[in-house]
Peer 1: 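Next up is a structure, given as structure tokens.
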Amino acid sequence: ILTDLFMVIVLRDTLEKRGALGQIKARIRAEVFNALDDQSEPRPPLSRENLLINELIREYLEYNKYKYAASVLTAESGQPEVPLDRQFLAKELNIVEDANGKSVPLLYGILSHFLHGGKEESIQNTLPKVSLLNYPKQNLGKAPTERNQK
């Protein structure tokens, strides 16, 4: 019995150190949700706004490799399985991207715009160019507590 308990402790420790334990727990949660999800109850139709918001969130989740959270969002919200085209999404939101902005989710650019007080003005009175020049790429993959504070 002690040998089995020791193996479980060592296995758990190893999985935690590799970062796999969190992924396993997320996968189990997603699978439980899918098993319990009542497909017979129809989802309310998605409004245009909710469709766009969900797509921005999905793009962010997938970029940060939160794939199980993204799969639960898609299943629970009734979002189409196939993501909306990014160019379509940017056009719908009146966002003009620069070259730097295309490598990260649109939410980063939107956040950058509002954090900097919308200093860039657009001729069409829409959101300005999405620019991440103020967000070093090395910060984007880090946890919020590890990012440089301005």
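Atoms considered below: every heavy atom in the structure, side chains included; atoms not considered: hydrogens, waters and symmetry mates.
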Peer 1: Can you tell me if Asn54 uses its side chain to pair, donor with acceptor, with the backbone of Asn50 under 3.5 Å?
Peer 2: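 Indeed, once roles are kept as given, a pair shorter than 3.5 Å links the two residues.
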Peer 1: Looking at OH of Tyr66 and OG of Ser71, how far apart are the two atoms once the value is rounded to the nearest 0.5 Å?
Peer 2: 14.5 Å
Peer 1: Below 4.5 Å, heavy atoms only, C-beta onward: do Thr14 and Leu21 meet side chain to side chain?
Peer 2: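 No, every pair of side-chain atoms sits at 4.5 Å or beyond.
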Peer 1: When you compare the side chain of Arg29 with that of Val72, does any pair of heavy atoms fall below 4.5 Å?
Peer 2: no
Peer 1: Taking the side chain as everything from C-beta on, heavy atoms only, tell me whether Leu106 gets closer than 4.5 Å to Glu97.
Peer 2: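 A side-chain contact under 4.5 Å exists here.
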Peer 1: Is there a side-chain contact between Ile28 and Lys25 in this structure, where contact means two heavy atoms from C-beta onward sitting under 4.5 Å apart?
Peer 2: no
Peer 1: Backbone N or O of Gln87 within a donor-acceptor pair of the Asp85 side chain at under 3.5 Å?
Peer 2: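 Answer holds: yes.
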Peer 1: Considering non-hydrogen atoms only, spot the tightest contact between Leu51 and Pro80 and give its length.
Peer 2: CD1-CD, 3.8 Å
Peer 1: Please report the interatomic distance OG(Ser77) to CD1(Ile53), rounded to the nearest 0.5 Å.
Peer 2: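 Between atom OG of Ser77 and atom CD1 of Ile53 there are 11.5 Å.
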Peer 1: Starting at CD of Gln79, measure out to OG1 of Thr74 and round the result to the nearest 0.5 Å.
Peer 2: 6.5 Å
Peer 1: Mind checking the CD-CD spacing from Glu55 to Glu92? Nearest 0.5 Å is all I need.
Peer 2: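 Between Glu55 CD and Glu92 CD, I get 11.5 Å after rounding to 0.5 Å.
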Peer 1: Any donor-acceptor pair under 3.5 Å linking the side chain of Asp13 with the backbone of Ile9?
Peer 2: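 Absent.
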Peer 1: When hydrophobic residues are tied together by side-chain contacts of less than 4.5 Å, even through go-betweens, does Ile24 share a cluster with Met7?
Peer 2: no
Peer 1: Measuring from Leu73:CG to Ile57:CD1, what's the distance to the nearest 0.5 Å?
Peer 2: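 Rounded to the nearest 0.5 Å, the CG-CD1 separation comes to 6.5 Å.
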Peer 1: Hey, what do you get for CG (Leu111) to NE2 (His116), rounding to the nearest 0.5 Å?
Peer 2: 9.0 Å
Peer 1: Flag the pair Glu59 / Pro83 as yes when at least one side-chain heavy-atom distance between them is below 4.5 Å, and no otherwise.
Peer 2: no
Peer 1: Is it the case that one hydrophobic cluster holds both Val10 and Leu5, taking links as side-chain heavy atoms less than 4.5 Å apart, direct or via other members?
Peer 2: no
Peer 1: For residues Leu89 and Ile95, determine if any side-chain heavy atom of one lies less than 4.5 Å from a side-chain heavy atom of the other.
Peer 2: no
Peer 1: Identify whether Tyr68 and Tyr63 are in the same connected component of the hydrophobic contact network (ILVMFWY, side-chain heavy atoms under 4.5 Å).
Peer 2: no
Peer 1: Is it possible for you to say whether Val82 and Phe88 belong to one hydrophobic cluster, with membership spreading through side-chain heavy-atom contacts below 4.5 Å?
Peer 2: no
Peer 1: Can any side-chain N or O of Glu62 pair as donor or acceptor with the backbone N or O of Ala70 at less than 3.5 Å?
Peer 2: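 Such a contact is absent between Glu62 side chain and Ala70 backbone.
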